[in-house]
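Here's the structure we're looking at; comments come further down.
Order of listing sets the numbers, starting from 1, for every ligand and every atom in it. Each residue takes its place number in the sequence, starting with 1. These numbers come from a predicted model, not from an experiment.
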Amino acid sequence: MLRLQAPLDARYMDASDDELKTWISAAKATLGERLFILGHHYQRDDIMEFADARGDSYRLSVLAQERPAAEYIVFCGVHFMAESADILTSDAQQVVLPDLNAGCSMADMADIDQVEETWEELEAVIDTSRLVPITYMNSSAALKAFVGAHGGAVCTSTNAREVLEWAFERGDKVLFFPDQHLGRNTGFAMGYNETDMRVWNPRLELGGLDEADCKDTTFLLWKGHCSIHQRFRPIHVADFRERYPEGIVIAHPECARDLCQVADQIGSTDFIIKAVAAAPSGSAIGIATEIHLVSRLGSENPDKHIESIDPLICPCSTMSRIDLPHLAWVLESLVKGDVPNQITVDEATTADAKVALERMLDITSASLKGKPVD
Ligand code: SF4
């Protein structure tokens, strides 16, 4: 999806980091409680310095919802995260993305036209009343609305298993998008195997499958991935283990199956942060996730050796578009009364997407209480 960010004024592009930080601090102080800056775990350190809250995309959106006095929510993340914040916050709150080009390559691998076309193709060969669509949080608002309107739910990397268990109480199959790896890794954790899964390639007729495949399979996994997490390979684990035989390897479930099979632990960003905190002093921990989070965990846990298992891993380049010049520009614009780069989701999409998000919340809270969910 093309989103064009207008070039910034020379005032911001030519300023030093110190000048930009001074302007950001001054604007923050002027806006006070009217402003709430959210920093995703994968964000760069110079931006995180100014974040009022840190977290994953869903947690940050909920925190914004819980701050009704904050008129301006500046989301230092990527586009789908700002959309989710707009869905969950009130009409009195305006969500701003400092750089409109901060998208997510994984979220962009499934658009609403492709998903609607997929559904129509499947309607011709299977009973879609028994097919439950599940979308990962890393997807556009339009996809969240689609699953809300078709009896499905959103999931995060933390609750994907609970959401899939819920789906199989309602149907025989799931259509899982946009991340095939999260769907596959969760399916394996639930006891399914490769023969229960087929990859749906939206660029091919009937997803590149035949009618029998569609009928037989339990998981239809959208051919999408995160280019950052897919880079980690089993050879990186072997290399880490050679250097640290007692060390542990933790992988994010957006990594490919062959990597997750050789990792010691698999979990979301929240899981990784907690696992590092709980590890004994002196531990060596190799991590397969975005490099800014890994580096931050290293500096915040100086008593442990923490490294990315891929020494050449690059940061999430779209997330890194949020930099000091863009943050200074949006905050100074807000001080002047302008609201640049506001992200808005229309009413109909918001209503259906909320259904899908609320189902996820109900599933998670009922599972915590050990109760079934409607
Ligand atoms: S790390 Fe991957 S999934 Fe996360 S925002 Fe970047 S491209 Fe998207």
Would you call the rings of F177 and W222 parallel, tilted or perpendicular, taking 30° and 60° as the class edges?
perpendicular
Considering non-hydrogen atoms of the protein only, which is the closest contact for atom 3 (S) of ligand 1, and what is the distance?
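Heavy-atom neighbour on the protein nearest atom 3 (S) of ligand 1: N138 ND2, 3.4 Å.
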Number the atoms of ligand 1 from 1 as they appear, then name those within less than 4.0 Å of a heavy atom of E254, with their elements.
3 (S)
Salt bridge K215-D127, side-chain N to carboxylate O under 4.0 Å
no
NZ/NE/NH1/NH2 to OD/OE distance under 4.0 Å, E194 and R184:
yes
I'd like to know whether ligand 1 has H40 as a neighbour, heavy-atom separation below 4.0 Å.
no
Determine, using ring centers only, whether F219 and F168 are less than 6.0 Å apart.
yes
Taking the six-membered ring for Trp and the full ring for Phe, Tyr or His, determine whether the centres of H150 and F146 are under 6.0 Å apart.
yes
Report yes or no: is the cationic atom of R161 (NZ for Lys, CZ for Arg) under 6.0 Å from the centre of the six-membered ring of W166, at an angle within 45° of the ring normal?
no
Considering the options L20, L324, L327, which one meets the side chain to side chain contact (heavy atoms under 4.5 Å, CB included) requirement together with D46?
L324
So which protein N/O/S atoms does atom 6 (Fe) of ligand 1 have within less than 2.8 Å?
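Metal shell, protein only: C316 SG.
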